Amino acid sequence: MFLLVVTPVLLILVSNKSAVSEQGSRVYKNLPAHYRCFRGHLLRGTHRATSRKLVRFSAWKMASAKNGGIARTQLRGGFKRTMMGLRCVVMLLVLLTALPVRADITDGNNEHMKREHSLTKPYQGVGTSPSSQWDFWGSTLVTSQYVRLTPDERSKQGSIWNTVPCFLKDWEMHVQFRVHGSGKKNLHGDGIALWYTKDRLRPGPIFGNQDHFVGLAVFLDTFRNDQHGMDRSFPYISAMVNNGSQPYDHSKDGRPSELGGCSADIRNKDHDTYLAIRYSKGRLTVMIDVDDKNEWKECIDVAGVRMPTGYYFGASAATGDLADDHDIISMKMYQLMVEHTPEEDSQDWTKIEPSVSLLKSPKDNIDDPTGNFRSTPLTGWKVFLLLLCALLGIVVCAVVGAVVFQKRQERNKRFY
Ligand SMILES: [Ca+2]
């Protein structure tokens, strides 16, 4: 049913594909900086362009109906129409393969920035006074342009923490950051960690924060400690959910406890670099925008994650023998408007213990870093493959239909 409704729209979209994407990207670029990388807005921009294409589509349909009588008498015309139909099916296939990814980004939610959990220039309300919403520690330096967690010097640690606990059930945090320094290739470290944890301002050995933390961490690890883990390049971004029982193993770059991750070239960039963490309905997604293309690239996507409300957002960084400037430019928190079942709403969300239901044993995790996602019910990839198979079936049917139709037309012509 859905396909029946959207197919005509998609066909027109395809025939004017370049125009639509141009329109979409223009809308995208005109957005304020903090919205620019939010693909939901890009999606809505594309929809606006689509409505104009729909008007054109109606006009084309009417013209086709008018000329239909003539076309039907010509075998060539019939063949042309068949070929056009075939082309449309193939193009629909191409378009639909991209569709699940896009639809996945916003889930149709509205989003609202929450100032009490956001850190933006010129960083008013950052300090040690009782009314401040952000508190900092260690080597952290707050200027009007950036919050420098560590300078490009050895053995520094710094952090910044939101003083207001977050009671939102579904949220998305956008972090603009900068990692830069004089260190040449592989001679820099250690990286930044972003936190959503029970405790705040607890200095320690994990990128400037305590080990055995309770909550969520996303690590932007710029230094390879594990010389055996050459199958991945650094900097490497990974996520970890902990109930306080697991240690973070620096010597293995956190691999035994990670939920997933990706390599990302984030150092010494002239352009802005962003990372987004989304938690909604038990699904944790980490996306990055570090290539100056104004678009999110998926890094981590894992279901079965349970996290409570009432924890604190923070960021920390550390240097060791090697160093870097670790800067946070902004942290913007968006509330996601998501409906929950009455059972979910009646639960006390502050009592939830952080956990991941699909996490395999650490040993399995080392052998197969992506293994966590295999048992996830219908991940984006599985839906994608299912759709691909279904559409391939449609294409085969269309080709067979076209051949039969053409043969029949030829036979009719000979008969007359
Ligand atoms: Ca490391």
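One-based numbering, in listed order, for ligands and for the atoms of each. If you're wondering where the values come from, they're calculated on a predicted model, not measured in any experiment.
Salt-bridge check for E153 with K156: passed, with a basic side-chain N closer than 4.0 Å to an acidic carboxylate O.
The Ca ion (ligand 1) does not have T222 among its coordinating residues (no N/O/S atom, backbone or side chain, under 3.0 Å). For F234, every N, O or S atom stays at 3.0 Å or more from the Ca ion (ligand 1). Among the atoms of D226, no N, O or S atom is found under 3.0 Å from the Ca ion (ligand 1).
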Step-by-step side chain to side chain contact (heavy atoms under 4.5 Å, CB included) determination, Y123 to V147: CA-CA 8 Å; Y123 314 112; V147 174; 3.9 Å; yes
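Of the possible donor and acceptor atoms, one in the side chain of R224 sits under 3.5 Å from a partner among the backbone N and O of G229. In terms of modelled atom types and a separation under 3.5 Å, the side chain of D135 and the main chain of V126 share no donor-acceptor contact.
Expressed to the nearest 10°, the angle at the Ca ion (ligand 1) joining OD1 in N225 with O in F223 is 80°.
D253 has its closest N, O or S atom to the Ca ion (ligand 1) at the position named OD1.
Within 6.0 Å of CG in D345 there are more than 12 heavy atoms belonging to other residues, nucleotides or ligands.
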